[in-house]
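Below is the structure I would like to discuss, written out as structure tokens.
Every heavy atom of this structure was used, including side-chain atoms; hydrogens, water molecules and symmetry mates were not. To find a chain, count down the sequence lines: A is the first, B the second, and so on, and within it residues start at 1.
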Amino acid sequence: MASTQQHVQFVQQLQSPNPVEVYSALRTIKNAIIGSTTKKSLYFKLEIIPHVTSLLALDDTDVQIRVQATAVISSLAHKDEEAARQLLDSGVVGSLINQIAPGADCVLTEASVRALNALLSYESIKLGVEKHVGLMVPYLLSIITEAKDTSRVYEMRAHARIELAILVLGKLCMTEARQYTIANTGVIDMLASLLPCGYPRLQIAALKALSALSYENMEICGALFLVKLKHKTYAEAILDLARNQDPDISLNACMCISNMSRMRVGDLLKDIQTVVVPALVKLLKTPGFSALQVVQSLGYLCHEDADIQSAAKNAGVISELIKILSVIEGQVDADFVDQEYNMRMVKGVFLTLGTIVSTNEECRRKAVEDQALVYLVRAMGHSDNGVKAAACLCTRYIIRSVSICRTHVPESGILAPLLVLLQDKTADVQVTASATLVNLLTDFSPLRADALKAGLVDILAKLLSSQNSTVCRNALWSIRNLLVGIDDDTRKEIIEKIKIETLFSLSSAPHEAFLQEHALGALRNVVVDSMLGINAVFDTMGNDRVIALLRQAMRSDAESAIKVHGLYLANNIAVRSQEHCGIIVGDEWLLRSIASHVTNTSSEVAIAALWCINSIASHRVPSQSQQESDGESVEEAGVCRYIAELSALDLQATLERMLDDPHLNLDVRDRVRSCLDYFPEAET
Amino acid sequence: DLNQLIMNYLIIEGYKDAAEKFSEESGLESSVDLGSIEERMQIRFAVQNGDIKSAIERVNDLNPDLLDTDPRLYFHLQQQHLIELIHEGRAEEALEFAQEELAPHGEEHPELLRELERTMALLAFDMAAVVKSPLAELLDFGHRQKTANELNAALLAAHSQPREAKLPALLQLLAWTQEQLDEKANYPRISNIVSGVLQEREK
């Protein structure tokens with residue numbers, strides 16, 4: 001075994017004028033570092049990079065020396081992303097690309113694509129080679145076209161070059177622009193033709209490249225769908241490969257189909273149900289195969305697709321995922337176990353499970369039946385923030401179910417760890433924990449009362465001052481939900497601790513439309529059905545500021561969601577308090593704005609405006625004796641108090657015209673009719 | 001077909017000359033470049049002879065990625081080298097090698113630590129005690145063979161070839177099938193796979 005001093009000498013030997021010594025040193029270094037992270041680290045410390053890259057940069061360096069130097073680069077790149085970054089910064093990629101140019105020595109070409117493949121294993125490096133893509137792609141294509149000549153007989157070196165070139169091409173597909181650049185070279189047909197070639201490494205490389213090319217790209221997925229191979233379509237060929245015994249082939253084929261499914265290309269649901277999902281379940285149970293990749297693939301496939309989520313449930317995916325959690329839990333204190341891998345696995349399982357249960361009620365029930373909540377609650381106390389955040393995300397989707405919220409959640413013990421996570425130092429954890437909280441505070445949730453007793457309002461008040469706007473948004477949303485159907489004592493506590501001033505200030509948060517929306521939503525619920533709430537708002541902020549806020553919410557350029565909340569805020573004030581309704585009506589601009597929104601193209605906005613008009617119009621003039629005792633001038637009793645102001649806006653005619661519109665939304669039509677009831681009938 | 005089965009066996013097990021001859025005589029074209037077998041066999045022989053360092057160098061010349069991307073295989077080769085050092089009585093060198101090479105690898109891959117512990121246990125006992133212990137199998141030629149087979153399978157897979165020959169698996173299947181049928185029926189069976197003769201069972 002060489003000593004450190006000897007390693008130093010090997011590095012110095014790289015500068016020798018004797019090529020034999022240089023070659024020998026390179027070979028020794030190569031054999032020392034391959035497989036050994038410690039040796040790689042040692043050679044980085046000995047600053048090997050400039051020595052090796054300078055050998056490649058010289059035009060007259062011997063081919064054999066180049067091959068060994070390139071192999072050293074390749075092995076160093078395997079160390080980690082930081083190592084690859086240092087290599088990239090040294091400018092070695094340019095030299096490697098020159099070495100794969102057409103006409104270069106075959107062995108050198110193979111070593112160079114190998115090195116490029118190793119370097120491009122990291123996301124940052126894939127993005128960092130942008131300036132080289134233009135030159136790399138045609139060189140890679142010229143290597144790949146060798147496949148036409150070698151398809152019948154296996155020639156080891158040729159196949160290795162082709163396989164590596166395809167892998168590098170796939171790894172370059174990091175951006176949409178690059179996907180199109182590469183797809184436009186016509187490589188798709190070449191890659192597709194390799195699918196039935198029968199050489200697994202080539203098939204896997206082709207599948208990976210096709211998967212990368214078509215990832216999140218509807219156009220390329222569509223182009224692939226139309227590709228015809230000798231006796232079958234592209235989709236048929238891929239489905240055959242999904243059934244392949246080789247797990248790598250099966251997995252990568254499933255990814256290709258998943259891409260098309262995600263882009264809604266082709267009618268693949270039945271094939272996904274009968275071939276892809278069962279293939280992935282089989283891979284989950286395959287001993288020695290990376291279950292983490294399979295779990296992530298399942299999550300990707302099931303994303304936002306209720307039918308596939310259901311197929312996954314029917315294929316037993318949920319139970320398999322829970323089984324994985326159970327096995328990992330049993331290994332927590334075990335020796336000889338890769339705990340780091342297990343942690344990534346747990347995170348992956350929760351994210352995938354969350355995806356599967358995100359829209360499908362049956363899936364949620366199945367997950368709860370399989371004791372998912374037990375694992376989720378335990379995971380909320382995990383030391384790793386990623387696991388905590390993933391557990392919160394999964395929980396959030398499970399508790400979208402009203403019945404689960406009412407039955408299983410209260411006994412799950414979820415509240416205590418969740419409240420702790422709300423106060424976690426890490427933003428990611430707070431974001432997912434606060435998002436989970438939103439669903440637990442609806443008026444039908446039994447945990448609401450317990451949460452209030454546990455000091456939830458104080459926690460929410462702190463979250464409102466978070467620098468993270470998503471945390472703040474989620475806190476506002478929680479407050480909004482909390483205010484629905486609560487008693488005045490709780491409402492008073494919330495108002496005192498959250499502060500109306502804070503809600504007002506967030507309602508006008510610059511450049512943060514979603515904060516404005518949710519703050520307005522919270523204010524809307526502060527005043528709903530409650531004079532306490534209305535008085536608190538007006539007493540704290542004053543009439544002028546309340547009106548200014550309502551005006552701002554109803555500006556023509558405001559987002560629909562903000563307009564809706566603004567209109568319902570006005571409505572909730574108007575319907576409950578005649579005095580404060582009068583303040584709203586007294587602002588001509590505001591009233592005109594409310595009236596103008598009844599014809600808004602968004603039916604949600606229109607309905608909100610119509611409710612508001614309805615509430616304003618609902619205030620009647622009192623009886624004659626009441627008017628006289630109040631000192632008011634006598635008006636016709638029973639008539640809408642604000643009929644004059646509403647008529648001045650030509651509102652009745654507008655509403656009648658709306659009724660004549662046969663395409664009017666039914667809910668809007670109902671509201672229009674209710675509003676018209678307050679107006680006198682037209683004289684015939 | 002039977003010829004393909006035999007060719008498959010000869011290629012995977014590395015009988016290059018036999019494969020070439022068989023190809024000539026049977027007229028069966030190999031879908032594999034027979035020249036590639038030679039390098040693989042030299043690597044295999046190196047392991048079987050206990051020359052792990054040479055085997056690793058040859059692997060690195062043939063496929064420099066293999067040992068960087070298969071930590072388990074690399075570990076088993078290093079473990080075999082350690083065993084060879086212990087076998088040769090170079091205990092101090094073995095200890096240094098284990099500390100410098102194997103221990104860091106075990107730290108990165110804790111699932112391999114159990115095997116490392118077993119191997120290190122060889123250093124704790126003298127040879128006379130080891131040969132009577134369950135650790136004796138580590139020093140046996142069989143362990144070299146196991147390592148050689150693992151490396152051979154990895155090289156085959158890296159070059160798109162099956163990891164194992166089909167013929168031994170078929171023979172195993174034959175034996176199992178006959179065992180199952182023996183309980184249920186009387187039929188002409190192959191008792192001797194070398195002769196391959198079908199024999200009626202005695203009633």
Portion of A:Lys79 that has a non-hydrogen atom of chain B nearer than 4.5 angstrom: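 For A:Lys79, there is no contact with chain B at all, as no heavy atom is under 4.5 Å.
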Aromatic plane relationship, A:His7 with A:Phe10 - under 30° parallel, 30 to 60° tilted, over 60° perpendicular: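 Geometry flag for A:His7 against A:Phe10: perpendicular rings.
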Greatest number of heavy atom pairs closer than 4.5 Å to chain A - which of B:Asp65, B:Leu113, B:Leu67: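 Ranked by contacts with chain A, first place is B:Asp65.
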Among B:Gln78, B:Glu84, B:His76, the one residue meeting side chain to side chain donor-acceptor pair (under 3.5 Å) with B:Gln80: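 For B:Gln80, the side chain to side chain donor-acceptor pair (under 3.5 Å) check succeeds only for B:Glu84.
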Any donor-acceptor N or O pair under 3.5 Å, side chains B:Glu100, A:Thr38: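 There is no such pair between these side chains.
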Donor-acceptor side-chain pairing of B:Asn60 and A:Arg27 below 3.5 angstrom: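 No donor-acceptor contact under 3.5 Å links the two side chains.
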Interface residue of largest heavy-atom contact number with chain A, from B:Pro110, B:Ala157, B:Gly106, under 4.5 Å: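 Ranked by contacts with chain A, first place is B:Pro110.
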Pair B:Arg189-B:Asp182, salt bridge (Lys or Arg N to Asp or Glu O under 4.0 Å): steps then yes or no: CA-CA 9 Å; B:Arg189 69 194 304 286; B:Asp182 284 346; 2.9 Å; yes
B:Asn49 and B:Arg144: side chain donor to acceptor below 3.5 Å: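 Result is no, nothing qualifies.
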Which portion of A:Leu42 sits near chain B, non-hydrogen atoms under 4.5 angstrom: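 For A:Leu42, neither part sits under 4.5 Å from chain B.
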Chi angles and distances behind the salt bridge (Lys or Arg N to Asp or Glu O under 4.0 Å) call for B:Lys146, B:Glu150: CA-CA 6 Å; B:Lys146 190 175 152 200; B:Glu150 185 185 346; over 6 Å; no
Partner chain B: residue of A:Gly198, A:Ala334, A:Ala71, A:Ser75 with the largest heavy-atom pair count (under 4.5 Å):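 Between A:Gly198, A:Ala334, A:Ala71, A:Ser75, the count favours A:Ser75.
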Part of B:Pro104 within contact of chain A (heavy atom distance under 4.5 Å):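 It is the side chain, since no backbone atom gets that close.
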Closest-packed option against chain B by number of heavy-atom pairs under 4.5 Å, given A:Ile33, A:Thr37, A:Val107, A:Asn117: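 Winner by heavy-atom pair count: A:Thr37.
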Steps toward ring-ring contact (aromatic ring centres under 6.0 Å, His included) verdict (B:Tyr74, B:His105): CA-CA 9 Å; B:Tyr74 180 71; B:His105 203 73; 5.3 Å; yes
Which atoms of B:Leu112 approach chain A - backbone, side chain, both or neither, heavy atom under 4.5 Å: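 Neither part; nothing is under 4.5 Å.
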Interchain contact, A:Gln203 with chain B, by part (heavy-atom threshold 4.5 Å):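 Contact with chain B is absent: no heavy atom of A:Gln203 under 4.5 Å.
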Part of B:Glu115 lying under 4.5 Å from any heavy atom of chain A: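 Contact with chain A is absent: no heavy atom of B:Glu115 under 4.5 Å.
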Interchain contact, B:Asp61 with chain A, by part (heavy-atom threshold 4.5 Å):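 Its backbone and side chain both get close to chain A.
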